[in-house]
Each structure stands twice: as structure tokens, then as C-alpha cells.
Amino acid sequence: MPELPEVQTVVNHLAECITGRSITGTEISWARSIAVPGVTLFSQQLVGKVCRAVSRRGKYIVIALAPHGYLLCHLRMSGDLKVADAAAPRSKHERVRILFEGECELRFDDPRKFGKMYLVADPEEIVGTLGIEPFSRNFTSEALYERLHQRALRVKTLLLDQRCVAGLGNIYAVESLWHAGINPLVRSNKLSKERVVKLRNAIYEVLRKAVDARGTDLGDGVWKSGGYSPKTYGREGQPCRRCKTVIRRVIVNQRSTDFCPKCQSR
DNA sequence: CAACCGACCTGTTCGC
DNA sequence: TGCGAACAGGTCGGTT
């Protein structure tokens, strides 16, 4: 479900609500939501810590704790993290609750149970292998070109590889390729410098607009607040927003991939 | 080396 | 209306 813009939306919410608060307890109803360490250690080490800051790396939420340690969370397909009043009714799919002083709690909802939380000394243990952060100054067309040309994968496959660019998922990879006019099946190492410049700019613009819109609303009720409206993703059979050609769908890496056969020809 | 497949899970939608 | 199949925003490890 969540890609970079949706994760950023969660981060903004958490930063506002739990920064400076201290943890008083935990409730874990699905043990496998805790990736590391074990459930017991996780709870023991969390109690008494203070939430120092909340940030994001790729699709990981990073909560810095005082006096030490980091709580990371990956929402995977269906996860959501929100702060709620202790008295507020709980959702059906709540997996972990982290209790704070002042009757407020962090709730990890995750219907499909794919999401994970990590309590570590150094976030690099988890996010160390991630690629370029799209909003950092390192995200240049030169850097992207170099990474695309290191391998001969279909360009969309490489965009989904978090070791290349961190934060893109199926929706925004599809959207970026449409904006850049690049066919998803093209080999990454065959892209010219000019096309990589277009791709870099498309990725940056798509993500920036989606963050501003607080993510995408796909109508399942989870990201209802998200106002980003995909131009191509999920529009198979409908006219291209640019040239009216019927949008087609192919499967790349077992993921649905919508594209315009004319704007994104080979 | 790149592509594919099954796991991990549950909920929703679609076709009959 | 009911029921099974297909599919869903992610990632990993093992095969082809």
C-alpha cells in the first residue's frame, strides 16, 4: 500500500504527535510484526525511552529514541501507523500498540500482517542497503544513469529495486515512466543520457506532487486523505491522458504495469 | 545474470 | 445471493 509519499504522510503525523513523549508500555497482539529483537526484549527496551524525532528513509519510518536506540517500521502492503487517544476504539487489525504518557498511543494496524517493526541500536543495520533518496541532492541524473547502466534489467524492475532508488513502488514507478515517456520493458542500460534526465525529473516531480497531496487514494479507505490521482496506474483500457490511445497492461516482475503504447513506445 | 515462483497474510472485487 | 478465483501499494529466498 504505502510508497514514499504515503510513508512521508505518516511520518509527518507521527512527528507532530509523539515527538518528546515517553513510552510507558507496549501491547503486541501479533508477535511476527516484531522483526527484531524478540517480543520480550522489544518491550523491555522500549519502556522508558523518549521519542526524540521521526523521519523516513525509503519506505522505512525511523523513530529516534532517547537516550539511545531507534524504532523502525516498514508498512509493506497494508500497514498503517497512527496516534490515537487511549480511549479511542481499536481497529480490527491492530497488531502492535505502543503506549505513551498522557493517554495517547501509537497503533500499528496491518490487515495482511506483512509489516514489521525493528528496534535497533543503529538504523543502518536495516536501511544500510537502500539506494538514493529521491529528495536528496545525491539524486542527480548522473547518479541515476550510473545505476541504470550497471545492469540490464527492464527499467521498471530496476526502479522497484530499493537498492537503486529508495521509495518508489508500483504506482509511482508506473507514473514516473509515463511522465518520462519510457516503455517499462526497455533495458535499463539502453537508456540515453537524455532519457535518464527525463526519468529523473519525472520521478522527482511525481513524488513531490504525491507528497504534497498526502499520497494516493485508491478507494479502499485507508489513504482516504490522499489526493494524488494516477495518470496511468490502474487505467488499463482507458484513454491516455496525453494522446487518447488506450492504456495497456503488461506484467513486469509479477506486477501489473499500465502504460501508453504510443507515448511509451519501444 | 535476469526472470520467475512461492511465501508471507487478509480483504475486496469480479465472473459465473 | 453465493462461491471460488484473481488480485492488491512490498520484499525475500530459492529455482529456472
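Chain letters run A, B, ... following the sequence lines, proteins first and then strands; every chain starts at 1. Quantities reported herein were computed from a predicted structural model and do not represent experimental measurements.
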Quiz prompt | A/Y70-A/Y118 aromatic ring centre distance below 6.0 Å | solution =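 They do not qualify: ring centres at least 6.0 Å apart.
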Quiz item: Any chance the rings of A/F135 and A/Y204 have centres within less than 6.0 Å?
Solution: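 Ring-ring flag for A/F135/A/Y204: true, centres closer than 6.0 Å.
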On a whole-Å scale, what distance lies between the [atom1] atoms belonging to [N] and [M]?
N      : M      : atom1 : value
B/dC5  : C/dC7  : P     : 13 Å
C/dC3  : B/dC9  : P     : 26 Å
B/dC1  : C/dT11 : P     : 22 Å
B/dC14 : C/dG9  : P     : 15 Å

Quiz item: Is it the case that A/N12 and A/Q8 place a side-chain donor and acceptor less than 3.5 Å from each other?
Solution: yes
Quiz prompt | Side chains of A/T232 and A/D258, donor plus acceptor under 3.5 Å | solution = no
Nearest-angstrom distance from the residue atom [atom1] of [X] to [atom2] of [N]:
X      : N      : atom1 : atom2 : result
A/R112 : B/dC9  : CZ    : P     : 11 Å
A/R76  : B/dT10 : CZ    : C1'   : 15 Å
A/L168 : C/dG9  : CG    : C1'   : 12 Å
A/I61  : C/dG10 : CD1   : P     : 14 Å
A/Q162 : C/dC12 : CD    : P     : 9 Å
A/R163 : C/dG13 : CZ    : P     : 10 Å
A/K59  : C/dT11 : NZ    : C1'   : 9 Å
A/I171 : C/dC7  : CD1   : P     : 17 Å

[N], OP1 or OP2 - any side-chain N/O from [X] closer than 4.0 Å?
X      : N      : answer
A/H93  : B/dG11 : yes
A/S78  : C/dG10 : no
A/H74  : C/dG10 : no
A/R255 : C/dC7  : no
A/K113 : B/dT10 : yes

Practice problem: Among A/V206, A/I171, A/L207, find the one that has a side-chain contact (heavy atoms from CB on, under 4.5 Å) with A/P5. | Solution: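 Per the side-chain contact (heavy atoms from CB on, under 4.5 Å) rule, the option paired with A/P5 is A/L207, out of A/V206, A/I171, A/L207.
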Quiz prompt | Residue closer to the 5' end of DNA chain B, A/Q150 versus A/Q254 (nearest nucleotide) | solution = A/Q150
Practice problem: Using atom types as modelled and distance alone, determine if a side-chain donor or acceptor of A/R57 lies under 3.5 Å from a backbone N or O of A/I126. | Solution: no
Quiz item: Short question: side chain of A/E16, backbone of A/H13 - any donor-acceptor pair under 3.5 Å?
Solution: no
Quick check for you: among [options], whose closest atom lies nearest to any side-chain atom of [X]?
X      : options              : result
A/W30  : B/dC9, C/dA8, B/dA2  : B/dC9
A/R154 : B/dA3, C/dG9, B/dT10 : B/dA3
A/E3   : B/dC9, C/dG9, C/dT11 : C/dG9

Quiz item: Hey, is the side chain of A/R151 pairing donor to acceptor with the base of B/dA2 inside 3.5 Å?
Solution: no
Exercise. Verify the stacking flag for A/F114 against C/dT11: centroid separation must be under 5.5 angstrom and the ring planes must differ by under 30 degrees.
Key: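 One would not call A/F114 stacked on the C/dT11 base.
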Once you apply a heavy-atom cut-off of 4.0 Å, does [X] come out as touching a base, just sugar-phosphate, or nothing?
X      : answer
A/K92  : sugar-phosphate
A/R187 : sugar-phosphate
A/Y172 : nothing

Quiz item: Does A/K231 make a cation-pi contact with A/W178, if we ask for NZ or CZ under 6.0 Å from the ring centre and within 45° of the axis?
Solution: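 Geometry flag: not set, cation outside 6.0 Å or 45°.
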Practice problem: State the dot-bracket string of DNA chain C. Criteria: Watson-Crick or G-U wobble, both atom distances under 3.5 angstrom; notation: ( ) intrastrand, [ ] crossing earlier pairs, | interstrand, . unpaired. | Solution: .|||||||.|||||||
Quiz prompt | Side chain proximity check, A/F108 to A/W30, heavy atoms < 4.5 angstrom | solution = no
